[in-house]
Amino acid sequence: MTRGRDGGTGAPPARQHALLAAVVAAIVAVSATIYVGVAADDGTERRDTVAGGPGHSGGGSGGNNPAAPVSTGTWVSSWAASPAGGEPGTEPAALAGRSVRNVVHTSAGGSGARVTLSNLYGQSPLTVSHASVAVSADPDTAVALAGTMRRLTFAGRPSVVVPPGAQVTSDAVRVPVPHDGDVLITTYSPAGSGPVTYHRHARQISYVAVGEHTRDTTGAAYTGRSEVWRYATALDVLSNEADGTVVVLGDSLTDGVTSTTGANKRWPDVLSDRLRSALAAGRDVPRYSVVNAGISGNRVLADGLGRPAENPSGLHRFERDVLGRTNVRAVVIVLGINDILRTPGAADPEPVVAGLETLVRRAHARGVKVVGATLMPFRGHRGYSEAREAVRQRINAEIRAGDVFDEVVDFDAAVRDPYDPGRLWGAYDSGDHLHPSDRGYVRMAKEFELRLLEGSVPAEL
């Protein structure tokens, strides 16, 4: 079931506008306060200043690091991971003296690449003295495909210092990045910088080596394994197969928690596969990459603890994690269930809806289309109560009315048990009665009508 913003039958239901406006304004004010010191991490200024971007011919050079020019095409985000916090146990030495090899899965392919590294949760400057990017030789391996290892540079230099709370994007390099493939992003830091900025639920095995082995193609030194992504937050590609980026903003249901590790069964992965297959079949659908901005436990309104806040709310991270992605054309918002589950008693649905509407306005200010999703059932989960179920139903009613988002995908209707609509259908339930199984994630992606991504909205001043 889908419904557009203009598909409702009347004006939006009356809300307590003054109170909600005050609540949302307060949230936005706190957001500005928290992130004013980390403006370099919002991803908006650096897009036209890296090598290979508009008006630039490239960065550093080297025998196997051809960086200028990369080719022609459109820069899009092919993979992304939202920084979610400081990794426990990495203070103060962090991963000093180790090479961190992140394995990331691509959406769109391209002829060039650039990488974004984040020190959002570091307490001191992060020195990256060596960094590289390469195509993975095989799934579940630290081995690089022959001929694809590239040294990364930053403004032409092989090393970079990332201030605490900031991020940096590398120069572009020529490298054939495949779609629906794995890429190795490797960094080496000689000194600690406080907690390592990480994404906890990678659902992907990455690797660690003692010493500087960033350009090691054999993978032999990478004897350590991890299930998190560290420092790396985006891989952009210069693509001839994509014209823009779709960002999916969500919680654990988007992050892919409970999906099979290494199988790329998160529902945004499956949506990316569907778009690519439809294009290959000659269908007239948007040529977009799809990147995942899910964080387990994420909420529309409330942050986690710390400063900067761990697990920042959708309102607080929207500029960086959505609008800051390269060439974003549409955003899919799948948030709200944790606002219900993590509020003592029963949450008030109106502030949650008001927060979602604020995200839509921010997207429209940049001309970005917004697709929203209904909240899925969770009867049987330890956090379930009849009062919380009533809140979910009220939020879903607002969403289905077409007054919140430009378009709507009804995940609730897709995965619920037809005989017990407050519960996930058994085949789609991972077992905890909240998160889908692999089959459930596939069902979510199949419910998403590709035409919902068509069209655009004019930027609103």
Side-chain angles (χ1 to χ4, degrees), residues 77-85 87-88 100-108 115-116 118 135-136 138-142 178-186 196-208 222 224-235 246-274 276 289-298 310-311 317 321 325 332 334-335 337-338 373 376 411 415 424 428-446 448:
S77 290
S78 184
W79 167 86
S82 298
E87 184 177 2
V100 175
R101 177 156 288 181
N102 294 288
V103 180
V104 306
H105 191 72
T106 64
S107 173
V115 169
T116 299
S118 176
V135 178
S136 175
D138 291 294
D140 304 317
T141 181
H179 60 240
D180 194 27
D182 290 338
V183 167
L184 311 176
I185 299 172
T186 311
V196 170
T197 297
Y198 86 132
H199 186 93
R200 179 182 177 187
H201 294 286
R203 313 308 297 172
Q204 175 69 59
I205 301 299
S206 292
Y207 301 91
V208 179
Y222 288 89
R225 293 162 62 91
S226 74
E227 296 185 9
V228 304
W229 286 312
R230 295 164 167 141
Y231 301 128
T233 58
L235 171 70
V246 176
V247 181
V248 183
L249 180 72
D251 48 35
S252 58
L253 305 176
T254 293
D255 211 4
V257 170
T258 69
S259 66
T260 300
T261 297
N264 302 303
K265 292 293 187 181
R266 314 164 194 88
W267 81 262
D269 295 325
V270 184
L271 177 63
S272 177
D273 293 341
R274 288 191 61 220
R276 188 168 50 254
S289 64
V290 180
V291 297
N292 193 325
I295 299 178
S296 178
N298 203 227
E310 300 207 353
N311 204 333
R317 66 190 184 96
D321 291 352
R325 294 301 173 215
V332 183
V334 194
L335 278 178
I337 202 70
N338 286 307
M376 301 195 303
F411 283 158
V415 301
L424 289 171
Y428 299 152
D429 190 344
S430 67
D432 67 4
H433 311 302
L434 174 67
H435 299 97
S437 61
D438 283 355
R439 187 174 174 185
Y441 285 123
V442 171
R443 180 68 185 89
M444 291 169 67
K446 287 185 175 180
F448 197 106

Applied to residues 429-444, the salt bridge (Lys or Arg N to Asp or Glu O under 4.0 Å) test, sequence neighbours excluded, yields Arg443-Glu447
Sorted by chain and number, sequence neighbours left out, salt bridge (charged side-chain N to carboxylate O under 4.0 Å, His left out) with Arg266 holds for Asp269
So, the side chain of Ser289 versus the backbone of Ser107: is there a donor-acceptor pair under 3.5 Å, distance only?
-> no
Taking only residues two or more places apart in sequence, or in another chain, which ones meet His199 in a ring-ring contact (aromatic ring centres under 6.0 Å, His included)?
-> Trp229
State, with a plain yes or no, whether a side-chain heavy atom of Glu87 is found less than 4.5 Å away from one of Arg200.
-> no
Name all residues meeting the side chain to side chain donor-acceptor pair (under 3.5 Å) criterion together with Asn311; count only those two or more places apart in sequence or in a different chain, and write none if there are none.
-> Asn298
Excluding sequence neighbours, so at least two apart, what forms side chain to side chain donor-acceptor pair (under 3.5 Å) with Ser82?
-> Arg317, Asp321
Set of side chain to side chain contact (heavy atoms under 4.5 Å, CB included) partners for Thr106, sequence neighbours left out | Ser78, Val177, Val183, Leu235
So, does Arg203 use its side chain to make a donor-acceptor pair with the main chain of Gly262 at under 3.5 Å?
-> no
Any residue meeting salt bridge (charged side-chain N to carboxylate O under 4.0 Å, His left out) with Glu310, in chain and number order, not counting sequence neighbours = none
Would you check if Val208 and Tyr222 make a side-chain contact, meaning some heavy-atom pair closer than 4.5 Å?
-> no
Check whether any side-chain heavy atom of Pro268 sits under 4.5 Å from a side-chain heavy atom of Val291, and report yes or no.
-> no
Contacts of Asp273 that satisfy salt bridge (charged side-chain N to carboxylate O under 4.0 Å, His left out) - sequence neighbours left out | Arg276
Sorted by chain and residue number, the side chain to side chain donor-acceptor pair (under 3.5 Å) partners of Thr233 (sequence neighbours excluded) come out as none
Partners passing ring-ring contact (aromatic ring centres under 6.0 Å, His included) against Tyr198 (at least two apart in sequence or in another chain) = none
Residues in side chain to side chain donor-acceptor pair (under 3.5 Å) contact with His201, at least two apart in sequence or another chain | none
Any residue meeting ring-ring contact (aromatic ring centres under 6.0 Å, His included) with Tyr207, in chain and number order, not counting sequence neighbours | none
